[in-house]
Amino acid sequence: MRNGPVGNGVALAVLAAVGVLNGLDTDALPLWRQLLFIALAAASYLHGRHLPTRCGGAVLGSAVAVGVVIGVVAIPEGMGVLASLAVFVVLPRLVGLFRRQQAELITAGRERIAQLERAQELVAVQAGLRERTRIAADMHDSLGHELALIALRAGALELTADTDRVRLAAAELRASAVHATDRLRHTLGVLREGATPVGTPDEPVEDLVGRAADAGLPVVLARTGAPALPPLVDRAVHRVVQEALTNAARHAPGRPVSVRVDRRADEVLVTVSNPVSGPAGNGPAGNGPAGNGPAGNDPAGNGGTGLAGLAERVRVLGGELVVRRDPDFTVAARLPFESTVEGDA
């Protein structure tokens, strides 16, 4: 039973008083006083084991002081009182305190183990969500593009077919490709369930830059050439700008950011640059010293997965992503209109 620090202190004072009184006149101890010593030792142990108190030292010190005073008057009586307190009160209580602290350590260890297990489960869940998102991105980049090409070629075949049979087969092929694309989008939604979306899929770069500016990032967009791009290339441009703005906001807050999108005859160049926040650079994604060169070979990249994944996306489309410092931190991507996917050759 736990009565609180005050009640526990009173209980300890009662035990100490009994120890003092039962330690007097020990020349001829009756049986009941001998049994009282045993009960006193057991009660003192249980008090230390289950009843914490802040004033335990003061209470026992007062009892010892009483024993010393008695010893000044009568040495044998004082020795008996001090021996009674030491053997049947102090020592059993110390043993009880030790056992209580041992039990608390065991309980804390079990709670720590449970907490670590929960943390490991959370890490496993997050890793699963990241893997699901990665699979969805891979399916989007490969299967989505191929299905779109199939539907496009089937539509062209339907328009140029010489017979109704070929035209009907082409129409069925196009419908099947469209249906497969819808099924793929449904699968992507399942794979991305529970994961935080990285952005609006069809959001223009202008809107992305506008949202960043509204959030307080000093960013300027310059765009040349026709804004219309193939869907996969347009999405890659969006991801390059998004990752670069995220990196700038994280590692160089308040510094001006310049975004430039130049469309040429058969490729688009994307350049995002911002001053670094310090002399030694400021970011895990190459935003620091030795950050020059292709993103996948940045020796100072420190394992930045954002730009590494972005470099892979650009590479799949046949382009190149470069991260450099000259002296501003710059992310530059070249994306051709004709994508070259490995394995198609």
Side-chain angles (χ1 to χ4, degrees), residues 137 196 198-200 203-230 232-337 339:
T196 301
V198 294
T200 305
E203 180 186 59
V205 173
E206 289 81 1
D207 292 348
L208 174 64
V209 173
R211 287 195 298 109
D214 292 340
L217 185 67
V219 55
V220 177
L221 172 65
R223 190 161 193 167
T224 61
L229 292 170
L232 286 179
V233 176
D234 186 62
R235 182 59 182 162
V237 171
H238 181 280
R239 285 290 293 116
V240 170
V241 176
Q242 182 186 50
E243 183 63 27
L245 291 180
T246 301
N247 190 70
R250 180 183 305 167
H251 301 296
R255 296 301 184 97
V257 183
S258 173
V259 180
R260 185 175 183 85
V261 180
D262 297 322
R263 174 173 176 169
R264 299 181 179 178
D266 56 353
E267 65 181 9
V268 59
L269 303 179
V270 184
T271 306
V272 183
S273 61
N274 64 275
V276 297
S277 60
N282 63 339
N287 206 352
N292 301 331
N297 299 322
D298 177 13
N302 298 333
T305 58
L307 288 178
L310 192 60
E312 178 63 18
R313 176 186 289 266
V314 172
R315 186 193 66 81
V316 168
L317 295 176
E320 181 183 14
L321 181 73
V322 176
V323 179
R324 63 177 180 268
R325 205 179 153 222
D326 55 347
D328 292 346
F329 178 73
T330 302
V331 178
R334 181 187 61 82
L335 294 162
F337 292 162
S339 63

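- For the atom pair OG1 of Thr271 and CZ of Arg324, the computed distance is 6.5 Å after rounding to the nearest 0.5 Å.
- Thr330 and Ser273 get closest at one heavy-atom pair: OG1-CB, 3.4 Å.
- Considering only residues two or more places apart in sequence or on other chains, Thr246 meets the side chain to side chain donor-acceptor pair (under 3.5 Å) condition with none of them.
- In terms of heavy-atom proximity, Pro275 sits nearest to Asp328 at CA-OD1, 3.7 Å.
- Here the shortest heavy-atom pairing between Pro336 and Gly318 reads CG-O, 3.5 Å.
- Under the 4.5 Å side-chain criterion, counting only non-hydrogen atoms from C-beta, Thr224 is in contact with Arg260.
- Every side chain to side chain contact (heavy atoms under 4.5 Å, CB included) that Arg264 has, sequence neighbours left out, goes to Glu267, Leu269.
- Between Phe329 and Val272 the shortest side-chain heavy-atom distance does not fall below 4.5 Å.
- Separating the CD atom in Glu206 from the NE2 atom in His238 is a distance of 10.0 Å, to the nearest 0.5 Å.
- Between Val219 and Leu245, the closest side-chain pair of non-hydrogen atoms falls below 4.5 Å.
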If you apply the rule side-chain contact (heavy atoms from CB on, under 4.5 Å), what do you find for Val233 with Val268, and how did you get there?
CA-CA 8 Å; Val233 176; Val268 59; 3.8 Å; yes
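- Nearest heavy atoms, Arg223 versus Leu229: NH2-CD1, 3.9 Å.
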